[in-house]
Amino acid sequence: MEVPLERSSPANRLPWLPAQVPGHVHLDLTRAGVIQAVNDRLGERGAAWVDATDWMYETIFTVEGAPPENALLLFHGLDTVAEVALNGEPLGAADNMFIPHEFSVNGLLKTGENTLRVTFRSALRVGNERHAAWDASGNDTLPFDWQAWNSRSFLRKAQYMYGWDWGPEPVSCGFWQPVELVTVPVARLLDWRYEVIFEEDGAATVTLEAFAERAPGAPDSPLTLVVALPEVVARGEEPQPSGVEAVTATFPSGEGRVGATVTLRVENPRRWRPAGHGEPDEWSYPALYETEITLHCQGEELDAKAARIGLRTVELIQEPGVDGARSFQFRVNGVDTYMKGANWIPASSFPSTAPFVLDNGEVLIGDGWAEGDRVGPLLEAAEQAGMNMLRVWGGGLYESEYFYSLCDELGLLVWQDFPYACAYYPDTDEYAEAARREATAAVRRLRVHPSLAIWCGNNENHQLYHDGWGGNRPPRYLGEHLYHEVLPQVTQREDPNRPYWPSSPYLGDNPNDPTQGDRHDWDVWHGVGDWVHYRGDRSRFCSEFGFGSSCGMRAWNTCLDEADKEPHSAAVRWHDKTRKGYETYLGYIALHYPEPVTLEDLVYTSQINQAEAMKCAVENWRRQKGWNWGALIWQLNDCWPVQSWALIDYEGEPKAAYYWAKRGYFAPELLSLVQEGDKVVAHLTNDRLQPIQGVVNLTLETFEGERLAETSHPASIAANGTGVVAALDLDAAAGREREVIVCADFLPDAESAGAATSNLLFLAEPKDLALPDPGLQVTVEEQDEEAFLVRVTAKRFAPYVWLSLSDTAEESGIVEWTDNFLHLRAGETVELLMYTSGLLQSPAEARSRLRIRTL
Ligand code: BMA
């Protein structure tokens, strides 16, 4: 099969090159030295021709002996517009990245060598051709090439690959997931689902329905389903026998998809629950039941699936209030649960680097090339930071089994957008059918995960139409039919017990209405600007809000040359896609902090500014708990080294805002301070399911630690509640705002639930503070084989203490801190662990390499 290529394309001068599967063409070309890595400096610019090119992949595989009967080539993920040929014969085509494609190879497979060729057409070009055809057909249309209506709307391909305001635009192509030769001589299992009912007698009834398919032309032999839940497990615990009897059911006869249902009774069920909702005497991670689903025919096992199910309920509650207001809250196992979390974007610009779980349970990491597992550590970090929900954002993917299984294990609820974002979409019958097929496949795959909390139709498409972004508005809301009919019909049929939400944000005439539904607060950053404007936001559930900052030095070291390392260099600016205007971005920093001169200044001040922003926003909403029920930060992670809203950069290095979440604004008990005129008011928010009581101390103190005013109040907050607990007059601060801080401490009583927590308030902008030399003292000791204990004492107040190691590009990737970017009060000592993976030999060496920065 010959494929015409653009005559002028550099590809025409290339010989066949080695390729990796799974992989993407850009990664292959980088390995072959044809293009500079996209992530490297301005490498993205030189790679644009790759997207305009068609690419062929070819391999030869050997079949020993006679070719098997009923054989299929199963492509788990082709990105995106592909034609498949075996031994020169076309097998078929694919044009949806999000679903597997399989082709029968009966009669085509040969004994000995077989040649498989896959030709990827330029997705950019194919999308443009479809776009042009739409316009030519006289359909409702919009200005050509407008960012919300271009090639990407016409292809079912991850939308962020066309470039986003935090990502590069290698549209790329490739096998983003593995390909297998599968044989089905008799029958196979397809997918399954289950429903849990908690009975009045305390037991749980699990009704599990599995679907199977007989091989075409195979005899209509009797098929049996066996389901067992042998053990109950949790991360880090010894598995325990579940005591549940295995059960059997018979599939009906006939061709095509057939279902069989079993009912299992679980005595004394251990519930699955979100992170942070354990009882004190429980396992630290949620309970899952090992589930074995097997398909049998006349005593022979034909197919098996292993999974872990969770016993829980999740409801989306919308209680009506006054003036049309309506709550938006998740009720998990009957408990209203405050959602603390972040938005998830794909962990790489090249999604072939995502882990893939093989049928035998083995996890395939990335494309086997320098990527490693980015997903696992990010999810663990999310849970460690006190999060209980991630929103898998609509410009990305339906993520891997690995991703959702880890969320199940960690107790991270998942808000899953269908992959449509910030655009209009053609909703012809053909497109709608493709959307229906795609959604059906995705829902059947993901519905078994207890972490999956809600399906959502798209990201911001409703808002885009309502607000007429870019001054452009089509005659109607193009795509509406998908989110209001096609997708909810699929979820209703395939997954009826899980809530469906048409868009994010959604509800009301204005989808961003703060009194109902979810809301995205982009007034801050994109609109009015500075983060102080979070104060007073009255969202019911804020599913997006964020503040940009630089990635860490480790990420910069991977993509910059030495000469690039200053805030205004071309490469540093290229790795900022926020479309904000670089001066505005730096201007946001200059409102509160000294202007950055070096690249390290930019890292430091932009990150502490972001940390303050996220603290301000989350504290505001958690004080309104009961009205507001969720705060999901934009965004958890990055897909390349970049300045963005992420809490953790592409190298996995946490930013200041991450440490602050973990220790402060996402902790179960939050003591937050608000200045109201000449006093400061303290609020205590309790996300635990037990009441907390103790004492709250407020002090007004100088940087030397002299107390100008103080007060102490008993404080008690109901389980899952919030309230005002104390106030302090600021009279003594009059005229001395640049020299003082307000400190707050909650100390729980010995018999109370909850942990001690503190907070701190400036009465002037940090850049204006009259800060004395803090007199920091630092000691380093060996903690154990892996970590050093770093002890820092401040003689006088030391704000934003940042610890790092003097580094080189090679070494800097392997240092982790238990905490960082801390305020130390006069006389305070903090102890931190520094994990250096054997990089440093002795405490003396560690001390000599340690660098400390404070404002
Ligand atoms: C919203 C998100 C993303 C975007 C972010 C920052 O629009 O849904 O599309 O990256 O804001 O601008």
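Counting starts at 1 for both ligands and their atoms, in listed order. Residues take their numbers from the sequence shown, with the count starting at 1.
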**Student:** Would you call Lys157 and Asp79 a salt bridge, using N to O less than 4.0 angstrom?
**Tutor:**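 Looking at Lys157 and Asp79, the cut-off is met.
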**Student:** Exactly one of Trp645, Tyr650, Trp393 should register a ring pair (Phe, Tyr, Trp, His ring centres under 6.0 Å) with Trp166. Which one does?
**Tutor:**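 Option passing the ring pair (Phe, Tyr, Trp, His ring centres under 6.0 Å) with Trp166: Trp393.
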**Student:** Please enumerate all residues that pass salt bridge (Lys or Arg N to Asp or Glu O under 4.0 Å) together with Asp530, with sequence neighbours excluded.
**Tutor:**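 None.
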**Student:** Run the numbers for me: atoms of ligand 1, each under 4.0 Å from some heavy atom of Asn459, listed by number.
**Tutor:**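 Under 4.0 Å from Asn459, ligand 1 has these atoms: 8 (O), 9 (O).
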**Student:** Need the ligand 1 atom indices (1-based, order shown) with element for anything under 4.0 Å from a heavy-atom of Trp164.
**Tutor:**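 Per the distance check, 3 (C), 4 (C), 9 (O), 10 (O).
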**Student:** To check your reading of the model: name the closest protein heavy atom to atom 6 (C) of ligand 1, its residue, and the distance in Å.
**Tutor:**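 Answer, as residue, atom name and distance: Asp165 OD2, 3.3 Å.
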**Student:** Evaluate Trp469 for polar contact with ligand 1, using N/O atom pairs at a separation under 3.5 Å.
**Tutor:**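 Among all N and O atoms of Trp469, none is under 3.5 Å from an N or O of ligand 1.
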**Student:** Determine, using heavy atoms of Arg579 and all atoms of ligand 1, whether some pair is separated by less than 4.0 Å.
**Tutor:**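 It does not, in that no heavy atom of Arg579 comes within the 4.0 Å cut-off of ligand 1.
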**Student:** I'd like to check which ligand 1 atoms, numbered from 1 as shown, lie under 4.0 Å from a non-hydrogen atom of Cys422.
**Tutor:**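 With Cys422 as reference, the close atoms of ligand 1 come out as 9 (O).
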**Student:** Hey, is His520 touching ligand 1 through its side chain, its backbone, both or neither, going by heavy atoms under 4.0 Å?
**Tutor:**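 For His520, no heavy atom sits under 4.0 Å from ligand 1.
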**Student:** Any carboxylate oxygen within less than 4.0 angstrom of a Lys/Arg side-chain nitrogen, looking at Arg130 and Asp95?
**Tutor:**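 The answer is yes: the pair qualifies as a salt bridge.
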**Student:** Apply the ring pair (Phe, Tyr, Trp, His ring centres under 6.0 Å) test between Trp501 and each candidate in Phe541, Tyr483, Phe418, Phe328; give the one that qualifies.
**Tutor:**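 With Trp501 as partner, ring pair (Phe, Tyr, Trp, His ring centres under 6.0 Å) holds for just one option, Phe328.
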**Student:** Check Arg391 with Asp518, please: is the shortest side-chain N to carboxylate O separation under 4.0 Å?
**Tutor:**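 Here Asp518 does not pair with Arg391 in a salt bridge, since their nearest N and O are not under 4.0 Å apart.
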**Student:** Taking 4.0 angstrom as the limit and counting only heavy atoms of Glu460, give me the atoms of ligand 1 inside it, by number and element.
**Tutor:**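 Every atom of ligand 1 under 4.0 Å from some heavy atom of Glu460: 1 (C), 7 (O), 8 (O).
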**Student:** Does Arg498 pair with Asp495 as a salt bridge, N-O distance under 4.0 Å?
**Tutor:**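 Yes.
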**Student:** Considering heavy atoms of the protein only, find what lies nearest to atom 1 (C) of ligand 1 and give residue, atom and distance to 0.1 Å.
**Tutor:**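 Atom 1 (C) of ligand 1 sits closest to the protein heavy atom Glu544 OE1, 2.8 Å.
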**Student:** Any atoms of ligand 1 less than 4.0 Å from a non-hydrogen atom of Trp645? List them with their elements.
**Tutor:**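 Numbered from 1, ligand 1 contributes 6 (C), 12 (O).
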**Student:** Check this for me: does any side-chain nitrogen of one of Glu44 and Lys577 sit under 4.0 Å from a carboxylate oxygen of the other?
**Tutor:**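 So Glu44 pairs with Lys577 through a salt bridge.
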**Student:** So if I count the atoms of ligand 1 from 1 in the order they appear, which ones are less than 4.0 Å from some heavy atom of His526?
**Tutor:**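 So the answer, numbered in order with elements, is 6 (C), 12 (O).
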**Student:** With a cutoff of 4.0 Å, is Trp393 in contact with ligand 1, counting heavy atoms of the residue only?
**Tutor:**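 Trp393 counts as a contact of ligand 1 under the 4.0 Å cut-off.
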**Student:** Which of the numbered atoms in ligand 1 are under 4.0 angstrom from any heavy atom belonging to Trp522?
**Tutor:**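 With Trp522 as reference, the close atoms of ligand 1 come out as 1 (C), 5 (C), 6 (C), 11 (O).
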**Student:** Can you confirm, on distance only, whether ligand 1 has an N/O atom lying under 3.5 Å from any N/O atom belonging to Trp166?
**Tutor:**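 Yes - when backbone and side-chain N and O of Trp166 are compared with those of ligand 1, one distance drops under 3.5 Å.
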**Student:** Under a 4.0 Å N-O cut-off, is there an ion pair linking Glu380 with Lys662?
**Tutor:**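 A salt bridge is absent here (no side-chain N lies under 4.0 Å from a carboxylate O).
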